[in-house]
2 protein chains.
Amino acid sequence: MATIKDVAKLAGVAVSTASYALNNSSKISPGTKRKVIDAAVQLNYQKNGLARDLKLNKTQTIGLILSDLSGPFYSELIKGVQEVTLSNEYDLIACSSLGGYSSTAVKFLKEKRVDGVIVLAANIDDLIIMESVREDFPIVVLDRELTANSIINVSVDNIHGGYLAAKHLLDAGHQDILFVGGPPNSRDNQLRYQGFLNALTEREIHYTPKWNLEGKFTREGGYYTAKMIMMQGKLPSAIFCANDEMAIGAVQAFQESGLQVPFDISVVGFDDIEIVQYMNPPLTTVKQPKYEMGSLAAHLIFQALNGDIPTREYVLPTELIVRNSTISK
Amino acid sequence: MATIKDVAKLAGVAVSTASYALNNSSKISPGTKRKVIDAAVQLNYQKNGLARDLKLNKTQTIGLILSDLSGPFYSELIKGVQEVTLSNEYDLIACSSLGGYSSTAVKFLKEKRVDGVIVLAANIDDLIIMESVREDFPIVVLDRELTANSIINVSVDNIHGGYLAAKHLLDAGHQDILFVGGPPNSRDNQLRYQGFLNALTEREIHYTPKWNLEGKFTREGGYYTAKMIMMQGKLPSAIFCANDEMAIGAVQAFQESGLQVPFDISVVGFDDIEIVQYMNPPLTTVKQPKYEMGSLAAHLIFQALNGDIPTREYVLPTELIVRNSTISK
DNA sequence: AGGGATTATTGAAACGTTTCAACCACAATC
DNA sequence: GATTGTGGTTGAAACGTTTCAATAATCCCT
């Protein structure tokens with residue numbers, strides 16, 4: 001591997017000259033510049049980015065940590081992050097938090113491999129993030145509550161979202177509504193449930209869940225919960241699933257049992273992930289402003305990088321998207 | 001930022017000792033090891049990964065280059081790559097080829113920031129890849145044909161896939177089949193078309209496309225092409241879209257015009273991306289072994305990294321998945 | 001008590017850059 | 001002809017690690 005030393009030697013100049021020349025510094029005369037560049041191409045020289053970053057103490061890249069690179073992760077959100085990053089002439093790399101303490105994510109959080117980081121990964125521990133705070137290293141965490149000097153929180157109004165979902169069903173005349181929850185320790189889940197309850201109490205309906213409906217935030221979770229519901233005899237007239245994936249699973253379970261959504265049971269989800277508009281029936285759901293979250297997160301990173309200290313907390317609105325999986329009673 | 005020097009000083013040892021201690025070398029006595037570690041936690045020391053990588057000339061990470069981090073990129077494929085990478089105790093980072101010559105992708109290809117790279121990005125030029133070949137730097141390119149010392153090709157049997165799609169329609173009695181192509185300079189597109197033609201000629205059907213049906217590999221592409229088809233008067237009895245995204249757009253266009261898929265027209269796609277099974281109707285398509293592609297690609301990287309020179313070319317099989325968007329005539 | 005063998009510790013070089021401060025040659029100014 | 005200036009070039013230090021080779025400390029045998 002040719003280094004800049006080799007280039008300098010071949011061009012017959014000092015290594016500092018070679019460096020200036022390759023970075024197109026105005027100090028260098030056109031003649032030597034040409035010599036150096038010729039030498040570089042002749043040796044097929046490629047700069048070592050690690051050395052450069054180390055010296056400059058700056059990587060010009062920001063990291064995006066996702067719970068799983070392959071998951072149905074919010075592609076809209078990534079787009080938001082990416083566009084802002086690109087327009088600031090930074091690089092963006094995505095890595096996964098899979099693997100716990102020895103995951104790539106931790107490596108990037110701690111080892112100064114990026115200039116700032118956006119964390120969207122519920123499976124990465126708050127503790128790890130707190131351990132990674134250091135001066136001048138902005139961290140934007142999505143969907144969690146964490147306070148430290150350089151940490152910025154961006155989240156979505158889950159409570160209002162849950163409220164909207166429930167209100168929609170109530171307005172449509174449903175009385176017997178069931179909340180199909182995700183993991184009980186998930187903050188998202190709790191807040192959505194909270195909003196759901198708020199809507200019910202507003203109508204003075206007392207919600208008494210007869211059994212514990214909570215599963216994973218996955219298709220299987222929704223599927224099995226729906227099976228459970230059907231086994232309990234009396235069907236509710238509507239369910240509100242804590243996320244879209246669960247709703248997909250639930251709808252599938254109902255349909256497999258010959259039930260018609262929305263005629264036999266209305267279903268509303270949460271997230272508005274891309275595929276739910278292609279379902280049969282298309283899913284009524286609560287939309288998160290995913291693109292906006294992403295671009296906001298990235299903007300905040302750059303603001304912090306530029307020395308402005310942005311506000312530490314942002315909550316973005318949610319919106320009800322009515323499709324055909326719900327019907328008036 | 002505390003460096004190892006600070007740790008050494010605080011612990012009262014030489015920096016080499018500190019380094020050995022932090023890396024848990026057996027040379028160091030338990031006593032000093034403890035001292036060093038205490039000092040490290042007290043200073044909240046975090047190692048600088050760049051410095052380490054530079055010194056070791058090894059990053060222990062492999063890069064995955066995608067055409068667009070946010071796209072509906074093959075999440076199955078990524079999963080394959082990720083699992084293999086993780087089990088080899090390497091890190092995986094994904095980056096986008098958006099931005100052409102100054103994209104993050106190029107940075108990672110050229111600047112020695114990763115130990116190997118997998119390229120799945122049609123929009124990155126062959127030339128760039130060729131410029132990045134260097135000894136001991138394995139590059140796996142997916143879905144393109146490129147020969148150089150350290151380049152390995154992995155692709156899918158597009159020809160046979162196209163053949164399968166066409167044969168399925170022919171077997172179902174369709175005579176008037178239209179090929180809805182993607183970008184004409186796309187190799188995937190060409191090969192799928194080739195397979196399509198092979199099936200027709202096998203039945204001695206001469207395919208004379210009355211107009212040029214080619215668009216982008218996107219939903220819009222399929223949508224507008226379908227509109228075009230409908231404007232031409234006589235509807236074919238089936239179409240074969242060069243990828244699923246286009247098929248989705250086409251189905252949508254047909255349905256908007258009141259046509260029934262598959263009763264008025266059969267549609268088959270290519271790729272078997274996740275959402276097509278949730279469409280209404282679920283799409284008949286040709287499945288690519290995405291997971292296998294990913295894990296194969298990663299395996300090959302590690303093989304090369306271990307000094308074995310693997311075969312330079314791999315072609316994976318495709319498979320027809322019959323769903324409800326096609327019907328017998 | 002002396003000498004070899006073992007174990008712990010350390011100084012210094014190296015990885016490949018960038019950049020400061022010094023230097024040089026030469027022209028311009030008074 | 002001495003000073004000042006200028007544009008071009010360079011040596012050396014620095015970034016934060018790891019690791020070799022050398023030294024220092026400890027131990028065990030006779």
Side-chain angles (χ1 to χ4, degrees), chain A residues 1-37 39-40 43-61 107-108 110-115 134-137, chain B residues 1-37 39-40 43-61 107-108 110-115 134-137:
Chain A
M1 293 303 86
T3 81
I4 200 172
K5 279 183 195 165
D6 305 319
V7 174
K9 195 179 298 173
L10 179 58
V13 301
V15 29
S16 43
T17 309
S19 173
Y20 283 127
L22 290 170
N23 290 315
N24 203 20
S25 158
S26 63
K27 301 181 175 188
I28 304 294
S29 75
T32 47
K33 222 178 252 188
R34 151 138 266 105
K35 271 194 301 182
V36 171
I37 292 179
L43 293 174
N44 189 25
Y45 166 75
Q46 304 287 3
K47 85 159 125 252
N48 183 318
L50 298 174
R52 174 172 219 269
D53 287 353
L54 172 61
K55 177 74 224 213
L56 299 191
N57 198 23
K58 185 163 192 331
T59 64
Q60 199 77 2
T61 100
K107 194 161 154 179
F108 278 82
K110 298 195 161 183
E111 298 186 359
K112 314 192 173 119
R113 292 166 188 279
V114 290
D115 291 348
R134 55 190 129 102
E135 200 133 7
D136 297 322
F137 180 64
Chain B
M1 295 302 87
T3 82
I4 201 173
K5 278 183 197 165
D6 304 318
V7 174
K9 195 179 299 173
L10 179 58
V13 300
V15 28
S16 44
T17 309
S19 173
Y20 283 127
L22 290 170
N23 289 315
N24 203 20
S25 159
S26 62
K27 303 182 178 187
I28 303 295
S29 73
T32 48
K33 222 178 248 186
R34 152 136 264 106
K35 271 195 303 183
V36 171
I37 292 179
L43 293 174
N44 189 26
Y45 166 76
Q46 305 286 3
K47 87 159 122 251
N48 184 317
L50 298 173
R52 173 170 220 270
D53 288 353
L54 172 61
K55 179 73 228 230
L56 299 191
N57 198 23
K58 186 165 193 329
T59 64
Q60 198 77 1
T61 101
K107 194 161 154 182
F108 279 81
K110 298 197 162 183
E111 298 186 1
K112 315 192 172 118
R113 293 167 187 280
V114 290
D115 291 348
R134 55 191 131 103
E135 200 133 6
D136 297 323
F137 181 63

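A, B, ... follow the sequence lines: proteins, then strands. Residue 1 opens every chain. The structure presented is a predicted model; accordingly, all values stated were derived computationally and were not measured.
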Q.
Under a 3.5 Å threshold, yes or no: a donor from one side chain and an acceptor from the other, between A:K112 and A:N57?
A. no

Q) Nearest heavy-atom pair of A:T61 and A:R113: which atoms, and what distance? A) OG1-O, 4.1 Å

Q: Determine the minimum heavy-atom distance between A:D115 and A:F137, stating which atoms define it.
A: O-CD1, 3.6 Å

(Q) Does A:K5 have more than 12 heavy atoms from other residues, nucleotides or ligands lying within 6.0 Å of its NZ? (A) no

Q) Is there a donor-acceptor pair under 3.5 Å between the side chain of B:D6 and the backbone N or O of B:T3? A) yes

Q: Please find the earliest and latest nucleotides of DNA chain C, in the 5' to 3' direction, that have an atom within less than 4.0 Å of any heavy atom of chain B.
A: C:dA8 to C:dG16

Indicate, with a heavy-atom threshold strictly under 4.0 Å, whether [X] touches base, sugar-phosphate, or nothing.
X      : answer
B:E111 : nothing
B:N48  : sugar-phosphate
B:N23  : sugar-phosphate
A:L56  : sugar-phosphate
A:T3   : sugar-phosphate

Q.
If you assign B:S16 and B:K112 each to the DNA chain C nucleotide with the nearest heavy atom, which residue ends up on the more 5' nucleotide?
A. B:S16

Q) Between A:A2 and B:V13, which has a closest nucleotide on DNA chain C that is more 5'? A) B:V13

Q: Nearest-nucleotide wise, let me know which of A:V15 and A:K27 is further upstream toward the 5' end of DNA chain D.
A: A:K27

Q: Find the distance between CD (B:Q46) and CD (A:E111) and round it off to the nearest 0.5 Å.
A: 8.5 Å

Q. Ignoring hydrogens and angles, does a donor from either the side chain of A:S29 or the base of D:dG8 sit under 3.5 Å from an acceptor on the other?
A. no

